[in-house]
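See structure below.
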Amino acid sequence: MNAKTVIQISILLDEMYPHAVCELNHQNPFELLVATILSAQCTDKRVNEITARLFPRLNSAEKMAQLTEDELIPLIRDCGLFNNKSKNIIATARQLVALHGGSVPQTREELESLPGVGRKTANVVLANAFSTPAFPVDTHVLRVSQRLGLSSEKTPEKVEADLCQLFPQDQWIKKHHQIIFHGRNLCKAKKPLCNICPLRNYCSLFLQESGIKS
DNA sequence: AACTCGGGGCA
DNA sequence: TGCCCAGAGTT
């Protein structure tokens, strides 16, 4: 992948998604952490509906740590995998109180040591709550990056390394959100809307499919 | 690298 | 109904 192509793709992403930002509603790092844990295999819209009635009362680790798993489950029941998520959120809140004075740590290592927090969630919190350069890679970013030829790697970690090298550090989180929007709206896993996609001339999937048809 | 977890959205 | 999804943990 040459530098000129990356710049052209970057310009097109800026034109297509000029206001791409984190859509998870949050007022502080703890709220973002909880919202991000809830967002696994669930839409942001649904997560925001849940946190809108969750955070007025449970907006800190201290308050969340006092709940039991069974008390939290009915409050987050609408977002899937709620057994795991409830257990992880309670355990994480208690770990924050026990080891970090009730605040959210700002290093990747400490974040990933929290139950239910993996590399993607840690990167989301680092970038959106602490302005620490990070490039969260989820299934959308993975798929779009592969189709656009931004990375030929298959694991999230290696794709993340490629993306971090291709884009300037101060653009990482913006590119993340732009690619997320693109993956959700046009470059969908199934039935991608290649016919109206401004990026299709850079896309291996489109070039491959149009080659077969013609 | 593959499997588990096992709800919601959409065709 | 059937299939995939803005993941993480375990094997």
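Chain identifiers are assigned alphabetically (A, B, ...) following the order of the sequence lines, protein sequences preceding nucleic acid strands; residue numbering begins at 1 within each chain. Remember, predicted model here, so these are calculated numbers, not experimental data.
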Would you tabulate the side-chain donor-acceptor contacts of residues 195-203 of chain A under 3.5 Å, counting partners in other chains and residues two or more places apart, or write 'none'?
| from | atom 1 | to | atom 2 | distance (Å) |
| --- | --- | --- | --- | --- |
| Arg200(A) | NH1 | Asn195(A) | O | 3.3 |
| Tyr202(A) | OH | Gln8(A) | OE1 | 3.2 |

Let me check something: any side-chain donor-acceptor pairs from residues 131-140 of chain A under 3.5 Å, sequence neighbours excluded? List them with distances.
| from | atom 1 | to | atom 2 | distance (Å) |
| --- | --- | --- | --- | --- |
| Thr132(A) | OG1 | Phe130(A) | O | 3.4 |
| Asp138(A) | OD1 | His140(A) | N | 3.0 |
| Asp138(A) | OD1 | Val141(A) | N | 2.9 |
| His140(A) | ND1 | Arg143(A) | NH1 | 3.3 |
| His140(A) | ND1 | Arg143(A) | NH2 | 2.7 |

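The stretch residues 164-177 of chain A has no heavy atom under 4.0 angstrom from DNA chain C at all. Within residues 56-80 of chain A, the residues that have a heavy atom under 4.0 Å from DNA chain B are, in order of number, Arg77(A), Asp78(A), Gly80(A). Within residues 109-145 of chain A, no residue is approached by DNA chain B to less than 4.0 Å at the level of any non-hydrogen atom.
The interatomic distance linking Gln95(A) (CD) with dA8(C) (C1') rounds to 15 Å, in whole Å. To the nearest angstrom, P of dC4(C) lies 21 Å from CZ of Arg184(A). Rounded to a whole Å, the NZ atom of Lys85(A) is 12 Å from the P atom of dG6(B). At whole-Å resolution of the value, CD in Glu157(A) and C1' in dG9(C) are 13 Å apart. The distance between atom CG of Leu24(A) and atom C1' of dG7(C), rounded to the nearest whole Å, is 13 Å. The separation between Ile50(A) atom CD1 and dG8(B) atom P is 9 Å, rounded to whole Å. Atom-to-atom, NZ of Lys87(A) to C1' of dG7(C) comes out at 15 Å; the value is rounded to the nearest Å. One interatomic measurement links the two molecules: CG of Asn88(A) to C1' of dG7(B), which rounds to 16 Å at whole-angstrom precision.
Judged as a side chain to side chain donor-acceptor pair (under 3.5 Å), the pairs with a partner in residues 106-123 of chain A (not counting sequence neighbours) are, in order, Thr107(A)-Glu110(A), Arg108(A)-Asn123(A), Arg119(A)-Glu160(A), Asn123(A)-Glu160(A). Residue pairs satisfying the salt bridge (charged side-chain N to carboxylate O under 4.0 Å, His left out) criterion with at least one member in residues 80-104 of chain A, sequence neighbours excluded, are absent. Sorted by first and then second residue, the salt bridge (charged side-chain N to carboxylate O under 4.0 Å, His left out) pairs involving residues 64-82 of chain A (not counting sequence neighbours) are Arg53(A)-Asp78(A). Within the structure, salt bridge (charged side-chain N to carboxylate O under 4.0 Å, His left out) contacts touching residues 15-43 of chain A (residues at least two apart or in different chains) are Glu23(A)-Arg184(A).
Note on Ile76(A): it clusters hydrophobically with Phe30(A), by side-chain heavy-atom contacts below 4.5 Å among ILVMFWY residues.
No donor-acceptor contact under 3.5 angstrom links the side chains of Ser151(A) and Lys158(A), judged on distance only.
From Leu96(A), atom CG reaches atom CG of Leu33(A) across 6.5 Å, with rounding to the nearest 0.5 Å.
With sequence neighbours excluded, the residues forming a side-chain hydrogen bond (donor to acceptor under 3.5 Å, both in side chains) with Lys63(A) are Asn59(A), listed by chain and number. Scored by the side-chain hydrogen bond (donor to acceptor under 3.5 Å, both in side chains) test, Thr43(A) finds no partners at all (sequence neighbours excluded). Remark: Tyr17(A) engages His182(A) in a ring pair (Phe, Tyr, Trp, His ring centres under 6.0 Å) (not counting sequence neighbours).
OP1 or OP2 of dG6(B) sits under 4.0 Å from a side-chain N or O of Asn83(A).
Here the separation of dA2(B) from dC4(C), taken at their P atoms, is 16 Å to the nearest Å. A gap of 22 Å separates the P atoms of dG9(C) and dG8(B), to the nearest Å. Look at the P atom in both dT11(C) and dG6(B): the space between them is 16 Å, to the nearest Å.
Among the protein residues, Lys191(A) comes within range of the sugar-phosphate backbone only, with heavy atoms under 4.0 Å from sugar or phosphate atoms but none that close to a base.
When the nucleotides dG7(C), dC4(C), dG7(B) are ranked by their closest atom to the side chain of Lys190(A), dC4(C) comes out on top. Side-chain atoms of Leu81(A) lie closest to dG7(C) of the nucleotides dG7(C), dA1(B), dG7(B).
DNA chain B is contacted by both Thr155(A) and Asn84(A); Thr155(A) maps to the nucleotide lying nearer its 5′ end (nearest heavy atom per residue).
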